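In what follows, chains are A, B, ... by sequence order, proteins preceding strands, each numbered from 1. Here the structure is a predicted model, which means the values were calculated and not measured.
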Amino acid sequence: AQKITQTQPGMFVQEKEAVTLDCTYDTSDQSYGLFWYKQPSSGEMIFLIYQGSYDEQNATEGRYSLNFQKARKSANLVISASQLGDSAMYFCAMRNYAGNMLTFGGGTRLMVKP
Amino acid sequence: DTGVSQDPRHKITKRGQNVTFRCDPISEHNRLYWYRQTLGQGPEFLTYFQNEAQLEKSRLLSDRFSAERPKGSFSTLEIQRTEQGDSAMYLCASSPLLQGLYEQYFGPGTRLTVT
């Protein structure tokens, strides 16, 4: 069974500063993918970034980067230069190679202060 | 290229009534997923289709729930004899039929309130 843990229910960050959202996972599979989604108040889940378990380099997408530490089973999301529009719920999720469903964590609510 | 669409966006129903939701995936995506998200929680997997075949169902999908994808395009999720515990956001997602691990693209969801 897979499990995702997000230990920060809510976080504040000052506009233009960087913030790290924590995610730890548990799986017995060797091949899997880790995903981060953003969910604004409108409800839609927006894909942000993906990291494969065999990728040697940390994934980056614009202001988003993923700090992947495989031995520690962590996949933290780093948002650089926070903007007011980054205020939302953020979910970490994983899927193994053979499976089809995403397993989500409980989410972190990020609030960006002006 | 339009994204995943869901209809209706909101549904209020009385306990015991039946409801049906529709999902239209991205046109070239063969895989379609349904998730349920209750307030303050992450989405939970309900079921998965590859083309018209329903290949996986969660134990969360009780016998009051049924999902179809008759022509491998749009999908419907029906809940019979709704209960207050069914109140949630129902999310649909799609992804292409490719090898490897690809992200799932989500629709805006249908928020169900059972009174």
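The ring pair (Phe, Tyr, Trp, His ring centres under 6.0 Å) test applied to Tyr25(A) returns Tyr32(A), not counting sequence neighbours.
Residues Leu91(B) and Phe65(B) fall into different hydrophobic clusters, defined by Ile, Leu, Val, Met, Phe, Trp and Tyr side chains chained together at heavy-atom separations under 4.5 Å. Side-chain heavy atoms closer than 4.5 Å link hydrophobic residues (I, L, V, M, F, W, Y) into clusters, and following such links, possibly through other members, connects Met11(A) to Trp36(A). By the rule that hydrophobic residues join a cluster once side-chain heavy atoms approach within less than 4.5 Å of another member, Tyr64(A) and Val13(A) end up as members of one cluster. Leu39(B) is not connected to Met45(A) by any chain of hydrophobic side-chain contacts under 4.5 Å among Ile, Leu, Val, Met, Phe, Trp and Tyr, and they are in different clusters.
Looking at Gln39(A), only its side chain comes within 4.5 Å of chain B, counting heavy atoms on both sides. Neither the backbone nor the side chain of Gln50(B) comes within less than 4.5 Å of any heavy atom in chain A.
Rounding to the nearest 0.5 angstrom, the gap separating the CD atom in Glu103(B) from the OH atom in Tyr50(A) is 9.0 Å. Separation of atoms CZ (Phe45(B)) and CZ (Arg95(A)) is listed at 10.5 Å; rounding is to 0.5 Å. Note: Thr47(B) OG1 to Met101(A) CE = 11.5 Å, rounded to the nearest 0.5 Å.
At most 12 non-hydrogen atoms from other residues, nucleotides or ligands lie less than 6.0 angstrom from CZ of Arg15(B). The number of heavy-atom neighbours closer than 6.0 Å to NZ of Lys11(B), taken from other residues, nucleotides and ligands shown, is 12 or below.
Chosen from Glu56(B), Gln37(B), Arg9(B), Glu44(B), the residue pairing most often with chain A at heavy-atom distances under 4.5 Å is Gln37(B).
When side chains are defined from C-beta on, Gln104(B) counts as touching Tyr37(A), because their heavy atoms get closer than 4.5 Å. Contact of the Phe106(B) side chain with the Phe47(A) side chain is not registered, since no non-hydrogen atoms from C-beta on lie closer than 4.5 Å.
For the pair Gly43(A) and Met89(B), the tightest heavy-atom approach, listed with the atom from each and the gap, is CA-CE, 4.2 Å.
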Trace of the side-chain contact (heavy atoms from CB on, under 4.5 Å) decision for Leu102(A) with Tyr33(B): CA-CA 10 Å; Leu102(A) 286 170; Tyr33(B) 314 80; over 6 Å; no

